[in-house]
There are 2 protein chains.
Amino acid sequence: MQLDNRKKEVLHAIVDDYVSTNEPVGSKSLIERHSFNVSSATLRNDMAELEHLGLIEKPHTSAGRIPSDKGYREYVNSLMTIEELTPREQLEIEKRINTSVDEVTELIKNATHTLSETTGFVSLAMSPRLKKSFLKQLKILMIEPGKALVVMVLSAGVVKDKVVRIPNFLNDEQIMKISGAIEKSLTGKPLDEITLVTVETAGKSTDVPEPLLKQVLYEAYAAIKQADELNIYLEGEHRMLSLPDFSSLGRARDLLGTLSDSGMVAGYVNEMENAARELGSDDSYMIRIGQEITLEGLDDCSFITATYNLTDSVSGNIGVIGPKRMLYSKVISQIDFVKKKLNEEMKKFT
Amino acid sequence: MQLDNRKKEVLHAIVDDYVSTNEPVGSKSLIERHSFNVSSATLRNDMAELEHLGLIEKPHTSAGRIPSDKGYREYVNSLMTIEELTPREQLEIEKRINTSVDEVTELIKNATHTLSETTGFVSLAMSPRLKKSFLKQLKILMIEPGKALVVMVLSAGVVKDKVVRIPNFLNDEQIMKISGAIEKSLTGKPLDEITLVTVETAGKSTDVPEPLLKQVLYEAYAAIKQADELNIYLEGEHRMLSLPDFSSLGRARDLLGTLSDSGMVAGYVNEMENAARELGSDDSYMIRIGQEITLEGLDDCSFITATYNLTDSVSGNIGVIGPKRMLYSKVISQIDFVKKKLNEEMKKFT
DNA sequence: GTTGGCACTCGGGAGGATAGAGTGCTAATC
DNA sequence: GATTAGCACTCTATCCTCCCGAGTGCCAAC
């Protein structure tokens, strides 16, 4: 994108003004608010050029200009400068996140809540991707005849469990043997290297009769697989209704309708993450603007996520869905700071 | 409420018509749609009377009438007849609920989902009130130095657990002793009869040194108390945006804002439940209409809940929040049927 | 108690005028 | 070649006004 300095400034100014006023910005008001040392006619020429490049657009002939998706993209990539949060804002966030909790899940929920409150938008977090974490313990507890609880302690300091059905006849001792055998042979293995075959092999060393054994092993395997399933936490959907950007009921409905399908959103976040990895992007955050987002109803939104780390190999995402017309520099630094604090707190768990 | 038969019919017809058309209903359209053997002038007199009694009201002078909260109340209490669901509708619900799950929580979430889908409104469920269930097992598993998992199996077929911090020096054996002692002495006790003192007494029989012991006992106690905390599952908030009743963005925002505070909603449901118990109400459902609901922003809503039973003494609520202007007889029978199926499924867990 | 008739009320939609912000273009100027 | 002043034009948003129609309350008659 070849833009001379003034055109960059003009685009910058248009984005800033539009974000703060929610009104299409015209050449005259641009002159009034900013100190361009040229006349409005000159800016009109520049604006015509920017429009030609697809960076800004007119809602209709006699209105001012608003940034297009491409315009926001240019702004985000090259024009804006991210400013640090004030100490006061930092303190506010720290205070909310530093409430002591016993489980990582709680910590993540806290962070999500904080992010929604501080940005005023929808926030979301993915649970850690545990595929790369490994088993530290696996216990099977009999609950009652035919039912047991598989408890797994993972290297990332996470505890998972699942109630499973087991054959009625099995006694405590047999279960102990099986769980001992599994634990012994799978401890230290990353979850994504554990297959049904691995588990079955692990169980062979016991003297529990074949068909009973097999069912328990299968259930243990299922429990392990379930342990690395991803969860998503979404919060603050209702805040979107307060934004002028979604004052049209139709848009608001589409947006919330899509967000209500949390599985779909989770899938999308994953896809973003994977895409970023493939590109080898080393940005500390990912951002999608407007039509770049392939989820229905999010055309007027931007989607910003960052990656938190529970351990070196176990990470997840946390981020925000807000209107395209947002204060990017601010929101990005908010997310970044929350991520930073989250990472710090997570160290305590591992 | 003294109403002659025709006035009852008029009120009934007004509610029906208003529910189905969302337009204030006038005397003339009433005659057209229903076979009253009187003239519109007569109905006008009746309607004036009904208005005088506070059962219906006019949005403005020259509009038809709409039911007031009191009118809906009368309708719900005395006028409507609840019809059974068609076999087809029943099948639809059964199909959704009968997906096999291993935990009660999943079952409840399923039911909530089903209810939101079938009614098209917001559905909610409270987790079972476990105060009256009793401990069947309590195990403490060492996770790593300083951290343990308290696992509780409750009589209602529910498994709860909590990660707790424990003194670093404690070894497996000591923990086993403590958990064995607690289990031995508390098994069979309803959760609401377990106090910190009970737990501490239970722990006395071990030879673990005092200050360490005390901390573990406290954490075990905290885990037990956490086990009977109530959760609420809310679903389908976005559906409200499709209703003409909430086409005003302001109302929609207030509504969703309130619903986003799930703790508050949970508190309110509890309050409803308690009030119903005190009154010794034996209805199979509870209903609050419009202003009867003390939650902010729900003036245009009705709140219907039913009580499901996990065991004789362990119950919870499931229900719907929809517009006042709803097909009560239908929605009530939907809730009732979901509740029935839920109860049936729950038997499998206890 | 019921009915037909009638004057009255009020919201909502259609139509029309107007203001105002903004544009593109042209011709003159730096 | 870039910049500027000037101007005609465009389009929306807003405000009025008008009018229709559904609905009402009331009265006199049945």
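The sequence lines fix the lettering, A, B, ..., with proteins before strands; numbering per chain opens at 1. Computed over heavy atoms, backbone and side chain alike; hydrogens, waters and symmetry mates excluded.
Residues A:K330 and A:E89 are paired through a salt bridge, judged by an N-O separation under 4.0 Å between the basic side chain and the carboxylate. Remark: A:E49 does not engage A:R6 in a salt bridge, criterion side-chain N to carboxylate O under 4.0 Å. Salt bridge A:E51/A:R65: present, at least one basic N to carboxylate O contact under 4.0 Å.
Residues B:R6 and B:H60 both approach DNA chain C. Their nearest nucleotides, taken by heavy-atom distance, put B:R6 toward the 5′ side.
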Check nucleotides 14-21 of chain D for protein N or O atoms closer than 3.5 Å to its own N or O atoms and list the pairs.
none

Give every pair of a protein N or O atom and an N or O atom of nucleotides 5-7 of chain C that lie under 3.5 Å apart, one pair per line with the distance.
| residue | atom | partner | partner atom | Å |
| --- | --- | --- | --- | --- |
| C:dG5 | O6 | B:R44 | NH2 | 3.1 |

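With hydrogens and angles left out, the side-chain atoms of A:E117 and A:T114 include no donor and acceptor closer than 3.5 Å. For the residue pair B:S116 and B:R239, a side-chain donor N or O sits within less than 3.5 Å of a side-chain acceptor on the partner. Residues A:S284 and A:D336 bring a donor and an acceptor atom of their side chains to less than 3.5 Å of each other. Residues A:E32 and A:S29 have side chains that never bring a donor and an acceptor to within less than 3.5 angstrom of each other. Counted by atom type alone, B:T119 and B:Q334 present zero donor-acceptor pairs between their side chains at under 3.5 Å. Under 3.5 Å, the side chains of B:E235 and B:T112 contain no donor-acceptor pair of N or O atoms.
Under the side chain to side chain donor-acceptor pair (under 3.5 Å) criterion, the residue pairs touching residues 292-301 of chain A are A:R73-A:E292, A:R251-A:D300, with sequence neighbours excluded. Residue pairs meeting the ring-ring contact (aromatic ring centres under 6.0 Å, His included) criterion with at least one member in residues 43-86 of chain A, sequence neighbours excluded, are A:H12-A:Y75, A:Y72-A:Y328.
The two residues A:E23 and A:Y18 have their closest heavy-atom pair at O-CD1, 3.2 Å.
For C:dG11, neither phosphate oxygen OP1 nor OP2 lies less than 4.0 angstrom from any side-chain nitrogen or oxygen of B:K58. Phosphate contact (OP1/OP2 of D:dT10, side-chain N/O of A:T61, threshold under 4.0 Å): absent.
Counting to the nearest Å, the C1' atom of C:dT2 and the CG atom of B:D46 are 10 Å from each other. When the C1' atom of C:dT23 is taken as reference, atom NE2 of A:H52 falls 17 Å away, rounded to whole Å. For A:I66 and C:dG22, the CD1 to P distance is 14 Å, given to the nearest whole Å. Whole-Å rounding puts the A:L43 CG to D:dT3 C1' distance at 11 Å. Rounded to whole Å, atom P of D:dG23 lies 11 Å from atom CZ of B:R33. Straight-line distance from the CD atom of B:E49 to the P atom of D:dC26: 13 Å, rounded to whole Å. The CD1-P distance, from A:I31 to C:dG22, rounds to 12 Å in whole Å. Between A:E57 atom CD and C:dT23 atom P the separation is 14 Å, expressed in whole Å.
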Check your understanding: Do A:H34 and A:D16 pass the side chain to side chain donor-acceptor pair (under 3.5 Å) test, and can you show the C-alpha distance, the side-chain angles, and the key distance before you say yes or no?
Key -> CA-CA 11 Å; A:H34 305 265; A:D16 282 350; over 6 Å; no

**Study point:** Chi angles and distances behind the side chain to side chain donor-acceptor pair (under 3.5 Å) call for B:S68, B:E57
**Key:** CA-CA 6 Å; B:S68 65; B:E57 53 199 23; 4.8 Å; no

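Of the candidate nucleotides C:dG22, C:dT2, C:dT23, C:dT23 has the atom nearest to the side chain of A:R65. Distances from the side chain of A:S39 to the nucleotides D:dA5, C:dT3, D:dG25 place D:dA5 closest.
For DNA chain C, no neighbouring residue in residues 242-250 of chain A is found when judged by any heavy atom under 4.0 Å. Contacts with DNA chain C (heavy atom under 4.0 Å) in residues 14-28 of chain B: none are found.
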